[in-house]
2 protein chains.
Amino acid sequence: MEKRQERDLSPLKQSARSPDMVIKKETMGKQEPSERVYLDISNAIFEQRLKPGTKLGEQMLCEIFGVNRPVIRRALMRLSYETLVDIRPNRGAFVASPSPEDARQIFEARRAVEEWIARQCVACAGPSDIEHLHAHVAMEAEARRSGDRLHVIRLSGAFHLELANITKNSRMRRFLEELVAQTSLIISLYGKNDESLCDDDHARIVEAIAQKDSESAVKRICAHLDSCLSSLSFAEENDSTDLRSIFMDQHHHNTLSS
Amino acid sequence: MEKRQERDLSPLKQSARSPDMVIKKETMGKQEPSERVYLDISNAIFEQRLKPGTKLGEQMLCEIFGVNRPVIRRALMRLSYETLVDIRPNRGAFVASPSPEDARQIFEARRAVEEWIARQCVACAGPSDIEHLHAHVAMEAEARRSGDRLHVIRLSGAFHLELANITKNSRMRRFLEELVAQTSLIISLYGKNDESLCDDDHARIVEAIAQKDSESAVKRICAHLDSCLSSLSFAEENDSTDLRSIFMDQHHHNTLSS
DNA sequence: AACCGTTTTTTTGTTAACAATCTTTGAGAG
DNA sequence: CTCTCAAAGATTGTTAACAAAAAAACGGTT
């Protein structure tokens, strides 16, 4: 996990929490301050408002959130256990920058987990679950039509968590939450284009679930993840090669001009 | 997660860390104190030396580990995120006591994860991996023969993590680590007998992996987990029924004698 | 202008003290 | 003897201050 890129924290200054959609499924009542900070930062990462490498300075966060330093440290600590934040001793906390190998592992884990989730959904989704999924997909389509990128991202990731909810296994859901948030970082870092790829994947997954077609559901969710993965470009991996070749070229020109 | 049972922390006073076997796969070099405390407590839970409901008082832990309170609090905080410890505001931290529903979810999650791990192992385990697994199974047998219960528990849980290592997916491994530790709590709470059940399950799983028989590997690991689950008794759930029936009986006797 | 060394400032890490809450103990009444 | 209440003690939660490390700024030299 590398890539130190200085970016500002202004995305945190706007309240990130839309009332109708909260990704992190923690209690929404009276919260510990550190919990709130944790959730807000986590959501900001999830929604790609906080980019990989962003420095999360404690004092700055204290001002943004209006809390004391220990509260911030607690939230950052927790985010670091979930590998969303990288705390470097004596240097500060930074939004994590997953390596290509991290990305591979995360997608692999997602695939394993979501395969199981798809099967479970087929086995135990009831009519109200299906209805709920249809409504979600409709919301995605609407957000896409209206060009609300942030909302699309939010709903798109949340779709997978809605599937996980149906399984009623909170541990699997929580694990997927982490993986989904980490996926956001990966897309921030390595995404080539915007997602014009997955337009109706979700709808087709829901259809397979509604028809109790386990095989199709699994196939579609895996295809969806594969398509997402293949839309990434780990060209950053070649940067050193590029710099080297550029340097060699420059050196070559120098010798020619002298 | 309930069940407040006061038990002592003396198991933490002995150094839990056997040099040849460390369950938690964090770096073994220079560690942050809170990391060490976290690992030691985590391992103590894993090895069933710390029982569910045990109160983990901050001051007591400070004395045991020879560190300051903030260090302890950090470790406890982390353990609570992994649901191994239950922090109740103003009351203190307690080793978690999973409910029967928790147990169901944990085993379900384990099954999903370990199914995938088994498949991966079949697909990518090399000769040295197989050899390593054989050695591990031999160590288990030896520990069982010598009656070293603690060692048996340690090795038995570690077997699953060794399988996870072969997949080279650190996120899946880490998730399984948590599930395995949580399983220890469940067995502590709901285990009927000692495990005379799973004597050669591991060996048979290794055999299936060695023979590249994916179907058998999956079947055997699932059977292993099922057998483990069925060895549990959620009789605690029936306590109220027992008390009621006892009370009714007593009442019946009272009416007869009068 | 670039580089290096020193000083200052900023930020992170740690500790101690105080505040708040809960539990235990002891005294008094019935 | 039992129960209730108040006080004391213990524990958890929070805050402020100090220590340590890194980054930035400044001044001098080449």
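In what follows, chains carry the letters A, B, and so on, assigned in the order in which the sequence lines appear, proteins first and then strands, with residues in each chain numbered from 1.
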Atom [atom1] of [X] and atom [atom2] of [N]: how far apart are they, to the nearest Å?
| X | N | atom1 | atom2 | value |
| --- | --- | --- | --- | --- |
| B/Gln59 | C/dC22 | CD | C1' | 16 Å |
| A/Phe94 | D/dA22 | CZ | C1' | 11 Å |
| A/Ile72 | C/dT11 | CD1 | C1' | 14 Å |
| A/Arg88 | C/dG13 | CZ | P | 12 Å |
| A/Arg69 | C/dT14 | CZ | P | 11 Å |

Test item: [X] and [Y] side chains (from C-beta on) under 4.5 Å apart, heavy atoms:
| X | Y | value |
| --- | --- | --- |
| B/Arg171 | A/Glu108 | no |
| A/Phe94 | A/Ile87 | no |
| B/Pro98 | B/Leu189 | yes |

Are the side chain of B/Ser156 and the backbone of B/Ile153 linked by a donor-acceptor contact shorter than 3.5 Å?
no

Residue [X], side-chain heavy atoms: nucleotide from [options] that is nearest:
| X | options | result |
| --- | --- | --- |
| B/Arg73 | D/dT15, D/dT12, C/dT14 | D/dT12 |
| B/Glu58 | C/dT11, D/dG13, C/dT14 | D/dG13 |
| B/Asn90 | C/dT21, C/dT15, C/dG13 | C/dT21 |

Carboxylate-amine/guanidinium proximity below 4.0 Å for A/Glu101 and A/Arg104:
yes

Starting from the 5' end of DNA chain D, give me the residue, B/Arg91 or A/Asn68, whose nearest nucleotide shows up first.
B/Arg91

Nearest 0.5 Å, please: how far is SG in A/Cys228 from CZ in A/Phe107?
4.0 Å

When all nucleic acid strands are considered with a 4.0 Å heavy-atom cut-off, which category describes B/Pro70: base, sugar-phosphate, or nothing?
base

Find the bend of the helix from C/dA1-D/dT30 to C/dG30-D/dC1 as the angle between its two terminal axes (five pairs each), to the nearest 10°.
10°

